[in-house]
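What follows is a set of notes on a single structure, which appears directly below.
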Amino acid sequence: MPFRVATFLLASVLGGALAYAIFGLSTLWIGAWLGAGFWLLLDALKAQRLLNVMRRDVSALPSRGAGVWGELAERIRKLLRERDQQIRQSDDRLQEFLAAIQASPNGVVLIDEQGRIEWCNQTAATQFGIDPQRDLQQHLANLVRDPAFVAYLASWNYSRDVVIDAPSQPAGHRGYPVRLSMQVHPYAGNRRMLLTRDITALEQAETMRRDFVANVSHEIRTPLTVLAGFVETLQSLPLDAEERSRYLRLMAQQSHRMETLVNDLLTLSRLEGNAPPPTSQWTPVRALLAHCEEEARALSRQITTQGHKLSFLQEAESEISGASVELQSAMSNLLSNAIRYTPGGGEVVVTWRLLPDGRGEYSVRDTGPGVAAEHIPRLTERFYRVDRSRSRETGGTGLGLAIVKHIAQRHGGELRIESTVGKGSRFALVLPVARVRPAAAVSLRA
Ligand code: ADP
């Protein structure tokens, strides 16, 4: 500022001095006024230039100029740069927020005061079958026409959620409709945020849990009813020693059945909670097969008079890694099924072999009744039985194959089932390459 005053005074003095030198003393004041006027004119021109630049393109402001106008230009430029930076930063933040909401597995829809879509993420768009760009500003109730949802949206009572079938069902959802739980949360006056959640899996799990509890109760109630009946008979009827012992034998059978069921249930729950099977614990297949054979011969003698024609083939001397108790249980389970479902005199062939790709396969082939194709995919479901009475007669719980499948999966393997009605079945437990090694290699190393 002192510089400005100084230049102004200098211009007046120069004007005065010039007039004095040329026209004499009497024109000195006029010269001084003219000098001051000239300074003001130049100053106004500079201000005008700055204004012109600002009108056209603020980014073209001079970075540094002389005097107060240059200073002013510089400050304006700095302020603008800061403001631009702030806008860019908040824009970036907004984009990040939107990207985060986009990534959410839940659907998010922002609805304005009139019930029109202001913004929605891709999840909500997919669930509703709408286009997140094209359908902006559309009334949500016109696009999602489920009566329960429309009534909910209009009620302005959002203390609970509303559950509907998703308006857009993805292809190949295997017969279960996608179920959506939707809840509105009002914000900023009359605006609303709608959150949607796919609860299909949750509902299915709940149905499965309910079915499972019902099945377990049913399975336990049946032998319990029989037991209670026998107890009552023993209490109320005078029975001779032979009859008494017959009843007691039947009662023992029922309690054994309940025990087997509880054991299988415990096995399943243990499998679900257990740590993954170890990879460093190797068991010779030969030992596992020997145990299977012992059990199978005993079972065959126990349930049939003729017995079965049992053969055990081991095409390769191998060792397998994993939880040996689980592997033994899976192998025995498949074999005991073959014996239980194959009538006496039938043939059961157990084979261990290496597949061409290096995986190991334990298979049990029988000449039993076989299973119709429509039942095969369901055999590993808990309590699913094709022949209920045959299963019960032979002490089945309906959980055996569910346990085998679980064990196979825990070991990274699979359970393969092939069967032809009237001819027989083949159940195979296939273990991955990493869990199989030749037994010879071990003895060499040892
Ligand atoms: P269960 O205790 O009833 O045998 P599983 O889970 O072991 O239960 O088997 C499920 C059903 O699969 C059995 O009830 C039976 O109908 C069928 N199944 C299993 N193995 C055989 C087999 N080898 N031959 C014919 N049917 C079989």
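Remember, it's 1-based here, ligands and their atoms both numbered in the order they're listed. Here, residue 1 is the first one in the sequence, and each next residue gets the next number.
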Do ligand 1 and Gly400 have nitrogen or oxygen atoms that lie under 3.5 Å from each other?
yes

Just to confirm my output: which protein heavy-atom neighbour is closest to atom 3 (O) of ligand 1, and how far is it?
Ser391 OG, 2.5 Å

Flag for Glu347-Thr367: side-chain donor and acceptor within less than 3.5 Å:
no

Purely on distance, is any nitrogen or oxygen of Val386 under 3.5 Å from one on ligand 1?
yes

Looking only at protein heavy atoms, what sits closest to atom 23 (N) of ligand 1 is Asp366 OD2, 2.8 Å

Is the closest heavy-atom distance from Arg340 to ligand 1 below 4.0 Å?
yes

For atom 6 (O) of ligand 1, closest protein heavy-atom neighbour
Leu401 N, 2.8 Å

At less than 4.0 angstrom from any non-hydrogen atom of Ala338, what atoms of ligand 1 do you find?
23 (N)

For His256, does the NE2 atom sit with more than 12 other heavy atoms under 6.0 Å from it, leaving out its own atoms?
no

Mode of Asn333 contact toward ligand 1 - side chain, backbone, both, neither (heavy atoms, under 4.0 Å):
neither

Counting only heavy atoms closer than 4.0 Å, does ligand 1 sit against the backbone of Asp387, its side chain, both, or neither?
backbone

Residue, atom and distance of the protein heavy atom nearest atom 21 (C) of ligand 1 read Tyr341 CD1, 3.6 Å

Give yes if a backbone or side-chain nitrogen or oxygen of Pro369 is under 3.5 Å from a nitrogen or oxygen of ligand 1, and no if not.
no

Looking only at protein heavy atoms, which one is nearest to atom 11 (C) of ligand 1, and what is the separation?
Tyr384 O, 3.6 Å

Out of the candidates Glu315, Gln314, Glu361, only one should pair with Arg353 under the side-chain hydrogen bond (donor to acceptor under 3.5 Å, both in side chains) rule; please name it.
Glu361

Would you check whether Gly398 reaches within less than 4.0 Å of ligand 1, judged by its heavy atoms?
yes

Going by distance alone, is a donor N or O of one side chain under 3.5 Å from an acceptor N or O of the other, for Tyr158 and Arg192?
yes

Rounded distance [0.5 Å steps], CG in Leu194 versus CG in Leu110:
9.5 Å

Show me which atoms of ligand 1 lie under 4.0 Å from any heavy atom of Thr397.
2 (O)

For the residue pair Arg49 and Asn52, confirm or rule out a side-chain donor-acceptor distance under 3.5 Å.
no

The atoms of ligand 1 lying under 4.0 Å from a heavy atom of Phe427, numbered in the order shown, are 19 (C), 20 (N), 21 (C), 22 (C), 23 (N)

Taking atom types as modelled, is there a side-chain donor on Asn215 or Ser217 under 3.5 Å from an acceptor on the other?
no

Which of these, Glu294, Glu293, Glu295, sits in a salt bridge (Lys or Arg N to Asp or Glu O under 4.0 Å) with Arg297?
Glu293

Cut-off 3.5 Å, side chains only: do Asn157 and Ser159 have a donor facing an acceptor?
yes

